[in-house]
There are 2 protein chains.
Amino acid sequence: MDGATAGPGLAEPFAALLDQYRFPAGYRRMLLAAVDAFAEHGFHGTTTRDIAARAGMSPAALYAHFSSKEELLHTIMSSALDLTAGMVSAEASRQVSAPGRLKAVVTALSAWQGYHFPVSRVVLYQLNALSAEHLAEVAGKMRVIDQTFRAIIADGVSAGDFTVADVRATATATLSLCLDVARWYYPGYRRTPQEIGEMNARAALRIVGVPEPPT
Amino acid sequence: MDGATAGPGLAEPFAALLDQYRFPAGYRRMLLAAVDAFAEHGFHGTTTRDIAARAGMSPAALYAHFSSKEELLHTIMSSALDLTAGMVSAEASRQVSAPGRLKAVVTALSAWQGYHFPVSRVVLYQLNALSAEHLAEVAGKMRVIDQTFRAIIADGVSAGDFTVADVRATATATLSLCLDVARWYYPGYRRTPQEIGEMNARAALRIVGVPEPPT
DNA sequence: GTCTATACAGGGATAGAC
DNA sequence: GTCTATCCCTGTATAGAC
């Protein structure tokens, strides 16, 4: 339980994205400290004292901003998923062809999972620490991303670009490529998140039966 | 924290595999109860009282078999990984060609991750609850599986069967397909673990540039 | 909105009988 | 090897001052 006191932390790239929310300073410090702590030790393995110490504040300061540790977790997941889903939707609409859209979303989401691996780990692996209500809400946000993948693959099949036996299963497989990056990626890995994204896009296109990527 | 008292639990398929270890009855019940509890709530979210209740024993009975909760976790991971790595090696040696071996290991490992999803979740997502020594040992066992995948892909490239840009990255991608099954699979899913394995094998072969699976 | 101090429940582990 | 009883620390959350 070392935990760097204050300082940026591994969630620094995520911090930049939070700017658009205009959160109060203390609230924001606490939130980012919690992302790093939850990613390292999990929700139940993290104490409110640890979060507060990383944020450079007293344990009680947490409750000026959040009613409970669980609400803090929910805020992290909810904002992270809004940003992720928005990014995926934006990437999907930057191209028209199904191969172009699949390449764009797999590249971007894979890179995102590496670049933002602390918060992505929290989102993927701390779901069952949420209350039933919060879990249902968060699961709904995740479903939006899944449906984007399904729609792209279904379109590619309709257009005759893709050859797949099962649209839903293929969406799951291509999503697995992207999401699993958050599990194994670590800073200093020999490839950048962007490079990982490009290789995964190539793999995803092969999975749907497109041997060479579109330009 | 409901938790079915005693009874088989979702780790029942794993229980059958443990027979070869000839563990004492109480030890075995405690171990299986812990698999279900850790898979549901995580290591830190599980109490020794919860484990004992699921096993139908008193909290103190745990310490007749394990010196600590962490040692119990380590025992689960270590035995599960031995069984998994053994299964993967056996599948890899049942075929001679690289395409045949890749198909065999991806099918078997994907099905395994679905069939044994509780223990697989514990192995994949509770690693940082281990002591440094235990983590190093467990990571070594995981590396064996990764190297099996790398060897198959390298062989396929050498033999001219596969066309990949990066052997290690391709091993990671095909492994992601298999391992991520443990994250999203749930009992009652519309496809059986075996069917998931077969679809993932098809996807993995496409990733390495084999358009149609070998028979 | 931040602090110090603290209430109070919960959890890992042990003692000692059977 | 299993039980009952319990120790004692840790952790979430609150009270109340500034």
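Just so we're on the same page: letters track the sequence lines, and every chain starts at 1. Heavy-atom basis, side chains included; hydrogens, waters and symmetry copies ignored.
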In whole angstrom, what separates [X]'s [atom1] from [N]'s [atom2]?
| X | N | atom1 | atom2 | answer |
| --- | --- | --- | --- | --- |
| A:R29 | C:dG1 | CZ | P | 13 Å |
| B:I51 | C:dG12 | CD1 | P | 8 Å |
| B:L62 | C:dT14 | CG | P | 11 Å |
| B:H41 | C:dG10 | NE2 | P | 16 Å |
| A:H44 | C:dG12 | NE2 | C1' | 17 Å |
| A:H65 | D:dT14 | NE2 | C1' | 16 Å |

Taking the basic N atoms (NZ, or NE/NH1/NH2) and the acidic carboxylate oxygens, is any pair closer than 4.0 Å for [X] and [Y]?
| X | Y | value |
| --- | --- | --- |
| A:D82 | A:K141 | yes |
| B:R190 | A:D166 | yes |
| B:D146 | B:R168 | no |

>> Using side-chain heavy atoms (C-beta onward) and a distance below 4.5 Å, is B:H41 in contact with B:D50?
In response: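 Answer yes - side chains close enough.
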> Do B:V144 and B:V88 have side chains that get closer than 4.5 Å, going by heavy atoms?
Replying inline: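 Not in contact.
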> Considering only side-chain heavy atoms of B:Y63, which listed nucleotide, C:dG12, C:dC3, D:dT2, is closest?
Replying inline: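 Nucleotide nearest to B:Y63's side chain: C:dG12.
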> Which residue, A:R49 or A:A60, contacts DNA chain D at a nucleotide closer to its 5' end, judged by nearest heavy atom?
Replying inline: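 The 5'-side residue here is A:R49.
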>> With a 4.0 Å limit, can you tell me whether B:T48 has a side-chain N or O closer than that to the phosphate oxygens OP1/OP2 of C:dG11?
In response: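 So the side-chain polar atoms of B:T48 never come under 4.0 Å of the phosphate oxygens OP1 or OP2 of C:dG11.
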> Do you see a donor-acceptor pair shorter than 3.5 Å between the side chains of B:W112 and B:T84?
Replying inline: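 Side chains of B:W112 and B:T84: pair found under 3.5 Å.
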> Can you find a side-chain donor-acceptor pair between A:E137 and A:H74 that sits under 3.5 Å?
Replying inline: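 A pair is found: one side chain offers a donor N or O, the other an acceptor, under 3.5 Å apart.
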> What parts of residues 66-80 of chain A reach DNA chain D, counting only heavy atoms under 4.0 Å away?
Replying inline: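 Here the set is A:S68, A:K69.
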> A:T47 near the nucleic acid: base, sugar-phosphate alone, or nothing, with a heavy-atom cut-off under 4.0 Å?
Replying inline: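 Touches sugar-phosphate only.
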> So what does A:A64 touch, heavy atoms closer than 4.0 Å: a base, only the sugar-phosphate, or nothing?
Replying inline: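 Base contact - A:A64 has a heavy atom under 4.0 Å of at least one base atom.
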> Above 12 or not: heavy atoms from other molecules or residues under 6.0 Å from OH of B:Y125?
Replying inline: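 Counting other residues, nucleotides and ligands, OH of B:Y125 exceeds 12 neighbours.
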>> Working note: A:E198 + A:R191, criterion salt bridge (Lys or Arg N to Asp or Glu O under 4.0 Å); need CA distance, chi angles, decisive distance, verdict.
In response: CA-CA 11 Å; A:E198 287 163 9; A:R191 299 240 182 246; over 6 Å; no
> Given axes from five pairs at either end, by how many degrees does the helix from C:dG1-D:dC18 to C:dC18-D:dG1 bend, rounded to 10°?
Replying inline: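 That helix gives 0° between its end axes.
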